[in-house]
J.: 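I'd like to ask some things about the structure below.
Model, not experiment: these values are computed from the prediction. By convention in this document, chain letters (A, B, ...) are assigned in the order of the sequence lines, proteins followed by strands, and residues within each chain are numbered from 1.
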Amino acid sequence: MGKSKKLNSTSEEKKYTFFDDVFAVALQIPKGRVTSYGAIANYLGTKMSARMVGWAMNAAHSSPLNIPAQRVVNRNGMLTGKHHFDTPERMQELLEKDGLEVKDDTVVDFKNKFWDPSKALNL
DNA sequence: GCATTGACGAAGG
DNA sequence: CCCTTCGCCAATG
């Protein structure tokens, strides 16, 4: 009986593994560390789709979860996505709050603060 | 349905 | 060394 489990065409039956995975990784970034879009994409197996990671972060704003998008920067450690926050300064403030140092919209000692998801997950 | 854009990145000139 | 182009894939116009 019943079985009216019919999903409408507009329903979000679609599984955005990619987006969801990006959120999961972002949430696993330890405090005081940062990662890059390419690193996450690489962990997902599609390092060429680093853009999609950024797009996923954009969707993160609408996500019920609190995604620490400020910990995700580009390969140069630059806060390229700061304009997408509530305020462009928000991203730097959040990073500084994590104990990081940001100068000229770039994470200081980024290389040392870099957190690789593949490495963290002991892949 | 095609064209443009986008929080990237690597490669080429 | 700086700028341009291409690839990736999804959302928006």
J.: Determine the interatomic distance between P on dT5(B) and the same-named atom on dT4(C); round to the nearest Å.
T.: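 Rounded to whole Å, the distance is 15 Å.
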J.: Under 4.0 Å, counting only non-hydrogen atoms across every strand here, what does Ala69(A) touch: a base, just sugar-phosphate, or nothing?
T.: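 Base contact.
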J.: Checking contacts here: which listed nucleotide (dC8(C), dA7(B), dG6(B)) is nearest the side-chain heavy atoms of Met48(A)?
T.: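 In terms of side-chain proximity for Met48(A), the closest of dC8(C), dA7(B), dG6(B) is dC8(C).
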J.: Closest approach of Trp115(A) and Gln28(A), non-hydrogen atoms and distance?
T.: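 Looks like CZ2-O, 3.6 Å.
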J.: With rounding to whole Å, what would you report as the distance between dG1(B) and dC8(C) at their P atoms?
T.: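 Going atom to atom, P in each nucleotide, I get 22 Å.
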J.: Distance from Gln92(A) atom CD to Lys97(A) atom NZ, nearest 0.5 Å?
T.: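 These two atoms lie 13.5 Å from each other.
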J.: Using a heavy-atom cut-off of 4.0 Å across all strands, would you classify Asn74(A) as base, sugar-phosphate, or nothing?
T.: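 Sugar-phosphate, no base atom in range.
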J.: Using the P atoms only, state how far dT4(B) lies from dT5(C), rounded to an integer number of Å.
T.: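 Nearest-Å result for dT5(C) against dT4(B) at atom P: 14 Å.
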J.: Hey, what do you get for CG (Asp98(A)) to NZ (Lys113(A)), rounding to the nearest 0.5 Å?
T.: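 Rounded to the nearest 0.5 Å, the CG-NZ separation comes to 11.0 Å.
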J.: To the nearest Å, how far apart are Tyr37(A) OH and dC8(C) C1'?
T.: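 From Tyr37(A) OH to dC8(C) C1': 16 Å.
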J.: Does Arg51(A) contact dG7(C) through a side-chain donor or acceptor facing the base, at a distance under 3.5 Å?
T.: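 By the distance-only test, yes, there is a pair.
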J.: Looking at dC8(C), dA7(B), dG6(B), which one has an atom nearest to any side-chain atom of His61(A)?
T.: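 Closest of the options to the side chain of His61(A): dA7(B).
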J.: Under 4.0 Å between a side-chain N or O of Thr80(A) and OP1 or OP2 of dC8(B)?
T.: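 So the side chain of Thr80(A) is within the cut-off, an N or O lying under 4.0 Å from OP1 or OP2 of dC8(B).
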J.: What nucleotide among dA7(B), dA10(C), dC8(B) has an atom nearest to a side-chain atom of Phe19(A)?
T.: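 So the nucleotide nearest the side chain must be dA10(C).
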J.: At 4.0 Å (heavy atoms only), tell me whether Ser36(A) reaches a base, stays on the sugar-phosphate, or touches nothing.
T.: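 The answer is sugar-phosphate, as Ser36(A) gets under 4.0 Å only of primed atoms, P, OP1 or OP2.
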J.: Calculate, to the nearest 0.5 Å, the distance between atoms CE and CG belonging to Met52(A) and Asp21(A) respectively.
T.: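 So the gap between those two atoms works out to 15.0 Å.
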